[in-house]
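Working notes, beginning with the structure itself.
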Amino acid sequence: MIHRWRSTLIPTTREAPSDAESPSHVLLSRAGFIRKLGSGIYDYLPLAWRTLRKVSQIVREEMDAAGASELLLPAMLPIELYRDTKRDVDYGDLLFKVTDRKGAVAALGPTHEEPITELVKGSIQSYKQLPLNLYQIQTKFRDEARPRSGLLRCREFIMKDAYSFHMHVEGAGGLNEAYDAMYRAYTNVFRRCGLDFTVVEAESGPIGGSASHEFMVNAPSGEDTILKCPASGYAANVEKCEIGERPVEGGAFNGAPTGDLTEVHTPNMPGIDEVGGFMKVKPDRMLKTIVFRAVEPAGGGGGSGGPRWVLAVVRGDHDVNEGKVKAASGWKVELAPEKDARAAGFAIGYVSPKVIVGRTDILLLVDPDAAGGGFWASGADKADHHVKHFNWRREVGAILDDSRYVKLADVRNALEGDPSPRAPGSRLVTGRGIEVGHIFKLGTKYSDAMGLAILDDKQQKRSVIMGCYGIGVSRTMAASVEQNHDENGIIWPAAIAPYHVLVTLLKPEETAHMQAAEKLAADLAAGGLDVLIDDRDERPGVKFKDADLIGIPVRLTIGDKALAEGGVEFKARRDTGKGEVVKLADAPAKCAAAVAA
RNA sequence: CAGGGUGUAGCUCAGUUUGGUAGAGCGCCUGGUUUGGGUCCAGGAGGCCGCAGGUUCAAAUCCUGUCACCCUGACCA
């Protein structure tokens, strides 16, 4: 494949648009890959589209090799589809909606569990037709509350989504087998794309389901925090990350008082930092008590007799993890609406663990780091007041030993340096990542809701078990730039570069130079390489700057210098310095080697 | 959704405080010059100052409303 710069559209700019901040947004804009048309909406120009097609092609090859079949579902989906799964409500404002001339409403697909389930429901009659794995590469629409960072979080984006269908979880043809195959396929995809990534255990989120892994491109600018255990290889999203054993010195709740409980007036101080500063107490000596409302037992179903409120207590410098609160309490919880909580006797913003005394409608979950002795400051259970010298045993008393109401549990987000949950003695390290892939074991959430059930070999009607697997294709392109760039521009991994080789013609008006470039490009193309010839009538400096900016892996410069020696100048984008002169005849082999490396 | 900010030429921005003929750099066009890391000189085109009202002899500038976009947080298969 040979293209000429003047015949395509590559509008590079010296300056970035003022609204671009992240490296990928700045560089993809400056290098003429993308252009913003609206908030979270971007044009993909020719260079971007070539890269997106290359990523897509790798995805297709790996999905097909893993036994999946490509199809294409509509982007415009009748809103009725979402009724049975209640996602018209659960997804809420995230759904873009359009209305037709008759007033019927359609959602622009944010993900396609519903239509694919509907399709399979209408076209599969026997367990003998399973398992099945179907995927598509398509534009998705989500009305994000806050689009940001260019292609990293936008409202219209390209995604590969796959869905698998099974009669059982274990064994041949089961969900686990497909899940493992997708795990391997995803690993292959991102490895072939030339990206440095980490696979982490993840929360499954509103899509629902049990097991879930995220594929994270490692980049300091990533939105997600990931934690790794160097000893065991365990890695998880901060939302999910477990923490190893944390013994409480002297035993939980047994510390001796450090002084008399003293009330302090702390008006107009909304945050821990303000209060701590005012009281001259460091956040790690304060107790933070967060009030959750118990919604329903975590297993589902309308149980009764459980707690109405779940309180999580962590150290002031720690963050409560809602997923862990749910797991430790056995109840699905939500942050308590302030009004309801006040009515139930909680001085929101000033709650202390002491509030549990004399009540039986509260489950108190205490993080081990907050259960020890020593000095504590806490809320005073009344507005604008805190207390000093809080002591667990003295203030809360005997109910601490009643496991129906008080539990010691890991309820906070993991941090750098926390003990590893998998390797005793080892400590967690943190990193940042960009989520480019996510795989889920869905179970029967969607098939139950939509009535996708068929007879198994024992003539039992059973809900079909599903998995779903996504890759953010356009986000992968941006993530690659976040991870691979320098002060001069993008550095594409060869596999997803828009072209493999850029032939920089310093004097396109010289016939001999042009002929040399054409011959060279033809030889390169014959070897399967994609070539862009910079045939613009520009000064050398402009061409070199643009070459670095758009980041083609190999640059071959044709000018008087090298041509006089019967050669061209070879320079890999990754390398610094001036490059080296190679003979024209040797250039194709050298380029091929560089691209394969 | 809360808080903060910005809308002036294709792009990046001055000008708004104190109302009085709409500016610069980059890019673009013409001529010359230069030719291995964003040449230099001269000339030129290009703007409903986001939009709608209002105040005023006079509004980019003051007032009201509205729309769009960005940032921080909340949120986020």
Side-chain angles (χ1 to χ4, degrees), chain A residues 11-22 25-26 29-30 32 35-41 85 87 90-95 109-114 116 140-150 152-155 157 159-163 202-209 212-215 223-224 237 239 270-271 322 335 435-442 445-446 466-472 475 488-489 504-510 513 534 536-549 555 557-564 568-569 571 576-579 581:
Chain A
T12 59
T13 60
R14 201 179 293 231
E15 285 174 298
S18 56
D19 54 22
E21 293 202 344
S22 65
H25 192 188
V26 168
S29 299
R30 284 192 54 212
R35 184 169 281 234
K36 190 176 81 177
L37 194 57
S39 178
I41 306 173
T85 57
R87 281 214 293 185
D90 289 352
Y91 248 67
D93 293 336
L94 212 59
L95 277 184
T111 169
H112 279 65
E113 284 79 9
E114 284 85 354
I116 196 84
K140 295 286 192 273
F141 301 87
R142 289 185 197 174
D143 193 1
E144 291 285 350
R146 189 146 94 78
R148 71 187 92 177
S149 305
L152 288 176
R153 177 169 300 283
C154 45
R155 301 199 296 170
F157 57 98
M159 177 167 118
K160 187 284 301 182
D161 48 323
Y163 308 90
E203 282 293 337
S204 42
I207 262 198
S212 166
H213 285 87
E214 287 171 334
F215 290 72
E223 277 189 328
D224 292 288
N237 192 308
E239 307 294 329
E322 194 175 316
L335 201 57
E435 178 192 352
V436 290
H438 202 160
I439 58 179
F440 298 84
K441 293 181 184 176
L442 283 180
K445 172 173 174 162
Y446 292 92
M466 295 171 56
C468 82
Y469 319 93
I471 289 179
R475 183 184 275 183
N488 294 316
T504 298
L505 249 185
L506 293 183
K507 292 185 175 176
E509 71 281 4
E510 297 266 357
H513 291 203
D534 188 350
R536 293 175 301 168
D537 179 22
E538 290 285 356
R539 292 177 55 83
V542 172
K543 296 190 179 195
F544 290 139
K545 287 287 186 190
D546 276 351
D548 287 346
L549 186 56
R555 189 183 82 200
T557 305
I558 294 185
D560 289 325
K561 279 187 187 171
L563 220 48
V568 292
E569 182 187 299
K571 181 179 176 304
T576 52
K578 281 287 182 189
V581 174

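Throughout, a chain's letter reflects where its sequence line sits, starting with A, and its residues are numbered from 1.
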Quiz item: Contact class for A:K140 (heavy atom, under 4.0 Å): base, sugar-phosphate, or nothing?
Solution: nothing

Quiz item: From the list B:C70, B:G36, B:G38, which nucleotide is the closest neighbour of the side chain of A:S39?
Solution: B:C70

Quiz prompt | Pairing partner (Watson-Crick or G-U wobble, both distances under 3.5 angstrom) of B:U18 | solution = none

Quiz item: Can you find a side chain N or O atom of A:R146 that sits less than 4.0 Å from OP1 or OP2 on B:U72?
Solution: yes

Self-check item: Rounded distance (Å) that lies between atom C1' of B:U12 and atom NE2 of A:H25
Solution: 15 Å

Quiz item: Under 4.5 Å between any side-chain heavy atoms of A:H25 and A:D19, yes or no?
Solution: yes

Quiz item: Under 4.0 angstrom, heavy atoms only, what part of the nucleic acid is A:E223 near: base, sugar-phosphate, or nothing?
Solution: nothing

Quiz item: Quick one: do A:E113 and A:K445 make a salt bridge, cutoff under 4.0 Å?
Solution: no

Quiz item: To the nearest angstrom, how far is A:E239 atom CD from B:A74 atom P?
Solution: 10 Å

Quiz item: Using a cut-off of 4.0 Å on non-hydrogen atoms, how would the nucleic acid contact of A:A547 be classed: base, sugar-phosphate, or nothing?
Solution: nothing

Quiz item: Taking the same atom, C1', in B:C1 and in B:U8, what whole-Å distance lies between them?
Solution: 31 Å

Quiz prompt | B:C26 OP1/OP2 closer than 4.0 Å to side-chain N/O of A:R14 | solution = no

Practice problem: With heavy atoms under 4.0 Å as the rule, sort A:R30 into base, sugar-phosphate or nothing. | Solution: base

Quiz prompt | Sugar-phosphate, base or nothing in reach of A:D548, heavy atoms under 4.0 Å | solution = base

Quiz item: Just checking A:A20: base, sugar-phosphate only, or nothing, at a heavy-atom cut-off of under 4.0 Å?
Solution: nothing

Quiz item: Taking 4.0 angstrom as the limit, do A:K561 and A:E569 come out as a salt bridge?
Solution: no

Quiz item: Would you say B:C26 has OP1 or OP2 under 4.0 Å from some side-chain N or O of A:T13?
Solution: no

